[in-house]
Amino acid sequence: MTLYPSPYQEEIDFSKLALQDADFAKVLKSNGQLDFSNPEAVQQLTKSLLKRDFGLETSLPSDRLCPPVPNRLNYILWVQALLDCTSDTYTDTYDPEREVLGIDVGTGASCIYPLLGCAQRPNWRFAGTGNSKSILWSRWLLTREDIDDKSLKYAQENIQLNNLDGRVKLLKTQASGHLLPLDRLGFENIDFTMCNPPFYESNAEMLALAESKQRPPNSACTGSANEMVTPGGEIAFITRMISESLLLRDRVQWYTSMCGRFSSIAALIGVLRKHEIDNYAITELVQGSKTRRWVIAWSFDDLRPTASVARGLHSLPKNLLPVMPEYIITQPPGTAILTITENLNSVLSNLSLKWMWRKSISTGLGFTEKNVWSRASRRQATNEDPTTTEMKDDEADMALGFKINVLTETDSTVKITVRWLKGHDSVLFESFCGMIKRKLVS
Ligand SMILES: C[S@@+](CC[C@H](N)C(=O)[O-])C[C@H]1O[C@@H](n2cnc3c(N)ncnc32)[C@H](O)[C@@H]1O
């Protein structure tokens, strides 16, 4: 499955937007350019895009982070793809009937993720959190303020402006309290968490970065210190979420977080591996020629995402990538696809596993509770009394779930894809793929 394409892959045509939105026309310079150092212009761009492309109305304060829509949309689109390819219908496609509940940690004044998520998917609901104690950074001075009361007030207004009161709720959290407050929210199980965390370790670090970019630190894009600074930076913040997830485990299907630094990804994979969390996914979100962000997701559940979703970060050393969840066998041009599919179907039907073959789409789905193809296991099966050995029927109990698709490529080669759908045991999956290859190639 490929990622859902963003409407912002092409550069935004400001002149066209100005013709469609009179408020945007007011901030666009006469030469058709936008002054990104002008907070008012940046804010209006966000408002106009949300309105034109998603029908969303927004009210944004001038002293809070103004979210760039394309970058925020990229993250939501990836979360959609992640959930779609790990649903228990195993279709790898959007299921409009699926009811999805997520938490946006640190939703900010805009409440952008819940707004975008709900605008695109009618059956999604959210809780957004914001912490209550913070430091506001204005015109190079540090002052203390009890925020995010202000951010939450705006977030609530944005929910109401879009009639989303029934689908998005807000919770004020304490800086030292839980980042993932499922119990306080009254949520037993949810589908995902997401977060655009404060990236910087200190005000000094944020200042230095703003200066290096020659951007005024209070520009609408930079955000206030409470939004951007956290002790230990993003690694510490996300590590806190990982620690909380160790207790919540599969009460959440996917825990996810954006990262502002590429180097954080390797550090966080180290934390996941230390805790033996084997099911994780990573991606790079690229916007235009300059902006790059990264996302890491982890799950205690055993539904495995596709390779395009889980391994979308090619610059990472191979040993840090999650296990390849797809195995491809190619047969030379001229190979009769019918011979392959009949052979495959016969091999799998003769094994003691659950196997469903759909001839019309050359695709089959299978589940097994253990290795039933090795010589030892077949010998054991022959010696077992068939009246006392019962095959489990519930997919939830299965150690391995797989999907096999056979198709003829445009160059007439035949491609057999074995996709890992479910399980924690990568050795079992690899052994299964090896058996399929031996049977089809011999
Ligand atoms: C970088 S901003 C992201 C805001 C918004 N989600 C966006 O993407 O534009 C980080 C947000 O996390 C919030 N935050 C910081 N520490 C937090 C905590 N301990 N619990 C919840 N939210 C927190 C900040 O107030 C801020 O709104």
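When a ligand or atom number is given, it counts from 1 through the structure's own listing order. Remember, it's a predicted structure, so these values are computed and weren't measured experimentally.
- Near Arg72, meaning under 4.0 Å from one of its heavy atoms, ligand 1 places the atoms 7 (C), 8 (O), 9 (O).
- Against a heavy-atom cut-off of under 4.0 Å, Thr173 is close to the following atoms of ligand 1: 20 (N), 21 (C).
- Note that CG of Leu101 is 5.0 Å distant from CZ of Arg125, once rounded to the nearest 0.5 Å.
- For Arg311 (side chain) and Pro322 (main-chain N/O), a donor-acceptor pair under 3.5 Å exists by modelled atom type.
- Every atom of ligand 1 with a heavy atom of Leu65 under 4.0 Å away is listed here by number and element: 1 (C), 2 (S), 3 (C), 9 (O).
- Set against the non-hydrogen atoms of Ala175, the atoms of ligand 1 under 4.0 Å away are 19 (N).
- Using a cut-off of 4.0 Å between Lys/Arg side-chain N and Asp/Glu carboxylate O, Lys47 and Asp21 are scored as not salt-bridged.
- When the ring-ring contact (aromatic ring centres under 6.0 Å, His included) test is applied to Trp298, the partners found at least two apart in sequence or on another chain are Tyr255.
- Atom numbering of ligand 1 starts at 1 in the shown order; those under 4.0 Å from a heavy atom of Leu179 are 18 (C), 19 (N), 20 (N).
- The shortest heavy-atom distance from Thr230 to ligand 1 is not under 4.0 Å.
- No salt bridge links Lys370 with Asp425; every basic N to acidic carboxylate O contact stays at or beyond 4.0 Å.
- At least one heavy atom of Pro197 sits less than 4.0 Å from an atom of ligand 1.
- The side-chain contact (heavy atoms from CB on, under 4.5 Å) check on Gln120 picks up Phe54, Leu73, Ile76, Leu77, Gln80, with sequence neighbours excluded.
- Residue Asn196 has at least one nitrogen or oxygen atom sitting less than 3.5 Å from a nitrogen or oxygen atom of ligand 1, judged on distance alone.
- Between Asp88 and Arg98 no salt bridge is recorded (no basic side-chain N to carboxylate O distance below 4.0 Å).
- Going from atom CG of Asp301 over to atom NE2 of His424 covers 7.0 Å, rounded to the nearest 0.5 Å.
- Looking at Gly106, Pro114, Ser110, it is Gly106 that brings a heavy atom closest to atom 12 (O) of ligand 1.
- Counting the atoms of ligand 1 from 1 in the order shown, those under 4.0 Å from a heavy atom of Thr107 are 5 (C), 6 (N).
- Proximity of Phe199 to ligand 1 is not established, as no heavy-atom distance is less than 4.0 Å.
- Counting the atoms of ligand 1 from 1 in the order shown, those under 4.0 Å from a heavy atom of Pro67 are 9 (O).
- None of Leu171, Leu185, Leu179, Val252 except one satisfies the side-chain contact (heavy atoms from CB on, under 4.5 Å) rule with Ile103; the exception is Leu185.
- Those atoms of ligand 1 with a heavy atom of Tyr113 less than 4.0 angstrom away are 8 (O).
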